[in-house]
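Worksheet: one structure, shown below.
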Amino acid sequence: MEVPVFFDFCTFVSIISFSIRSSLKNFIHMKSAAVVNYAPEKGAVEIRELDKPVIGDEDVLLEVANVGVCGSDLHQWTSDHSWPVNYPVVLGHEFGGYVVEKGSRVTGWQEGDRVVSETAAVIDPANPMSRRGLYNLDPTRKGFGYGVNGAMTRFVRVPARCLHQVPEGLAFEQACLTEPCSVAYNAIVENSRIKPGDRVIVLGPGTIGILCAAVAVLCGAEVAIVGLEADKTRLDIARQYGCDTIAGDATEWARKRDGLGADCVIDAAGVSATLKIAMQLVRPNGLITKVGWGPQPLGFSLDPLVQKNVTLQGSFSHNWPVWERVLALLASGKLNVKPIIGGVWPITEWHEAFEKMHKGEVVKSVLKPV
Ligand SMILES: [Zn+2]
């Protein structure tokens with residue numbers, strides 16, 4: 001091809017340098033640091049550089065603004081989880097960010113939209129549970145952070161059906177905690193149907209326990225949250241949500257009104273043995289809702305359930321209407337997650353963020369991609 005006369009040396013140099021810069025930029029954009037859980041062994045988590053995900057027709061590419069560390073991320077790190085993990089996998093399922101790309105069949109979302117994402121990354125829409133709106137209970141579902149790559153990195157591929165708009169004025173550092181708030185809302189409102197005036201005991205002052213207590217207070221219940229002596233820091237934070245806090249035995253609180261026990265006990269402790277305490281504290285014909293995981297076998301009798309005619313209810317995950325209501329509560333300030341956030345770390349410092357939560361020095365750690 002003939003080179004035009006105005007294509008001088010300077011132009012040539014600037015074109016070359018532009019193309020070097022843009023390919024460098026592309027290169028930088030191609031690889032991002034990610035917190036990867038790479039094997040089932042204890043401690044098998046490290047930072048890896050991963051390619052930007054390729055999205056499908058019904059997905060968006062989300063640029064992560066913030067991602068919360070969940071107890072389940074810690075469980076996978078310490079390898080005491082009881083769900084199947086697709087190794088290697090990027091951790092993180094509590095996240096929000098900006099839509100930066102969208103698939104050809106995505107409607108209703110634009111680049112630049114501020115969004116949070118539900119966790120059921122893969123579902124079977126034909127499953128009977130999905131068809132009744134309970135896709136969170138589709139047994140074939142796969143979630144971010146264990147089934148598919150999660151959000152402890154810069155870019156994550158998200159099906160558009162998972163997205164919710166973040167209300168104006170709600171910062172991502174708080175919005176990323178819509179997920180654990182939705183776990184609590186589903187446990188307290190949908191599954192436990194807490195009524196004003198109920199006496200509710202929450203076992204375990206972790207994120208889910210504290211948020212369950214907060215939502216039960218919003219429902220008009222009298223609430224106590226129970227932990228160990230070692231949980232003092234977390235119980236002090238829980239007190240800000242208008243509940244009583246107890247380090248140790250809660251029997252007296254449970255029996256205070258009429259001597260019979262609490263209307264509802266929420267087990268959010270994360271060890272199976274606390275079910276025994278829940279059975280002691282609940283009143284006859286009461287309800288125990290188990291929201292904490294604990295893979296250990298029980299080793300005690302469930303006869304008190306029979307004797308007291310108690311309902312034992314499991315509560316898992318959440319669905320679309322729960323998310324919308326939680327976002328409304330976060331936007332109005334009725335539910336405030338600021339007291340539980342112990343700090344924001346760059347994802348490359350994931351270890352410190354995990355460790356602080358693991359030791360109970362903070363209730364919730366939040367990460368930011370680098
Ligand atoms: Zn979570």
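Whatever order the structure lists them in is the order used to number ligands and atoms, beginning at 1.
Side chain of D73 to backbone of L91: no donor-acceptor contact under 3.5 angstrom is found.
Of all N/O/S atoms in E179, OE1 sits nearest the Zn ion (ligand 1). Of all the N, O or S atoms in H93, the one closest to the Zn ion (ligand 1) is NE2. Checked against the Zn ion (ligand 1), the N, O or S atom of E94 at the shortest distance is OE2.
A side-chain N or O of H164 and one of E324 form a donor-acceptor pair less than 3.5 Å apart.
Checked for salt-bridge contact, K195 and D263 miss the test: no charged N lies under 4.0 Å from a carboxylate O. Using a 4.0 Å cut-off between charged side-chain N and carboxylate O, E222 and K256 make no salt bridge.
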